[in-house]
Amino acid sequence: MFPKIITIERHILEQQRMHPEATGELTSLLYDLALAGKIIASQTTRAGISDILGATDSQNTYGETQQKLDVFADTIIRRMNDHTERLCAMASEEHENIIPIPPRYGTGKYVLLYDPLDGSSNIDVNVSVGTIFAIHRKRTDGEHGVVGDMLQPGRDLVAAGYMIYGSSTMMIYSTGQGVHGFTLDPSVGEFTLTHPDLRIPEPGKFYSCNQGYEKYWSTGVQKFTKWLQGLDESDPDAKAFGHRYVGSMVADFHRNLLQGGVFYYPADMRKPDQPAGKIRLLFEAQAMAFLAESAGGYGSDGVGNLLDLQPHELHQRVPVFIGNRHMVERAEALIREHDQAWIDRYMAYRSKTMETA
Ligand code: AHM
Ligand code: MG
């Protein structure tokens, strides 16, 4: 029998048909992102051959040196989406301010937030990297999008997903109805459905964190790490989970989505004035928490559901604990029990008032 091939285009269209009110704009936007992913993949797999490895002379808004591929991926996504009339603004981890739609083009009803190349410090050593995207509906009046359109809780996302550039290129996305995975067949240049309706397997198998920093974590997070290693004194028979850490959130999340586990990146206690850690709420965490929940898992900032956070600034940071629900809830319980001083500092940061510019 001839196998049934479901391309990403067909899949997105079939999803659209379940919403008779849909205009097709989201469908086209997701397809544009898939195309951008193919172009980025074609360069990441050639990195080292074409002159695209290494650092540029510039830094991004966090003062981090930009890699050439970071800039390339950022430009591709921006250019593929600035003229389609589906977006009213974009925001990228690599840009301090929102990216307006050029005045010569029309605007649309969505905003796109993206991390063009997550884990980019891994590029030069041939380790998987990815692109993360999140789509919200415009919520302010006026033709052009403003920061306020970006500062929406993850709960209100219309769609989110990522591309992973690894041993194969995959695109994973959700519009809230299941999480679906597609693999790029490089011989025909199409993403085809290979992982329909992904659910995080129970029980989880792995924990993923930069354990080299354990001594800088709060007591609750250290106790959580001991529990994951089966070293919790109150439970001598506890089993140990395996430890895996790539250092690209997309790759660590992807493995845990397929095999079960928890990814966490907590705050560093050496920096009491930065109680939210490293991961960016709008460019990284919201999309991953949305996918996790759509796949039966859970994403938390250590205090509560990541999807319920009202963001206050574009480049806001957030501690993350994402994966199998029972693992994430264990982290929350231990943080509640041991880390009140950190919770107070973090909640003061979390509840800052929103930028409205
Ligand atoms: P990036 O977006 O600048 O690449 O940074 C985010 C990355 C995550 O993908 C990864 O989980 C984390 O930073 C790794 O940080 P560390 O090197 O501190 O473990
Ligand atoms: Mg990133």
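Numbering of ligands and ligand atoms starts at 1, following listing order.
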Ligand 1 to Ser248, heavy atom cutoff 4.0 Å, flagged ligand atoms 9 (O)

Using distance alone, decide if ligand 1 has a nitrogen or oxygen within less than 3.5 Å of any nitrogen or oxygen in Val250.
no

Can you list the atoms of ligand 1 that are under 4.0 Å from a heavy atom of Tyr213?
18 (O)

Any Phe283 heavy atom less than 4.0 Å from ligand 1
no

Note: ligand 1 atoms sitting under 4.0 Å from heavy atoms of Tyr245 are 11 (O), 12 (C), 14 (C), 15 (O), 16 (P), 19 (O)

Go through ligand 1 atom by atom and flag the ones less than 4.0 Å from a non-hydrogen atom of Asp115.
2 (O)

Which of the numbered atoms in ligand 1 are under 4.0 angstrom from any heavy atom belonging to Phe263?
11 (O)

Heavy-atom proximity to atom 12 (C) of ligand 1, best of Lys278, Arg280, Met249
Lys278

Can a cation-pi geometry be assigned to Arg86 and Tyr110, taking NZ or CZ under 6.0 Å from the six-membered ring centre and within 45° of the ring axis?
no

Within less than 4.0 angstrom of ligand 1, does Ser120 place any heavy atom?
yes

Salt bridge between Asp301 and Arg317, side-chain N to carboxylate O under 4.0 Å?
no

4.5 Å side-chain heavy-atom contact, Leu309 and Val318
yes

By the definition salt bridge (Lys or Arg N to Asp or Glu O under 4.0 Å), identify the one residue from Lys226, Lys239, Arg330 that meets it with Asp232.
Arg330

Please verify the inter-ring angle class for Phe224 with Trp227; under 30° counts as parallel, over 60° as perpendicular, anything in between as tilted.
parallel

Before accepting this row, confirm whether a basic side-chain N of the pair Arg78/Glu94 lies closer than 4.0 Å to the acidic partner's carboxylate O.
no

Report yes if some heavy atom in the side chain of Tyr162 is under 4.5 Å from a heavy atom in the side chain of Thr131; otherwise report no.
no

So which bit of Asn210 gets within less than 4.0 Å of ligand 1, heavy atoms only: side chain, backbone, both or neither?
side chain

Hey, what's the ring geometry for Tyr207 with Tyr264, parallel, tilted or perpendicular (30° and 60° as the breaks)?
parallel

Can you name the atoms of ligand 1, numbered from 1 with element, that are less than 4.0 Å from a heavy atom of Glu93?
1 (P), 2 (O), 3 (O)

At a 4.0 Å threshold, what atoms of ligand 1 neighbour a non-hydrogen atom of Glu284?
2 (O), 6 (C)

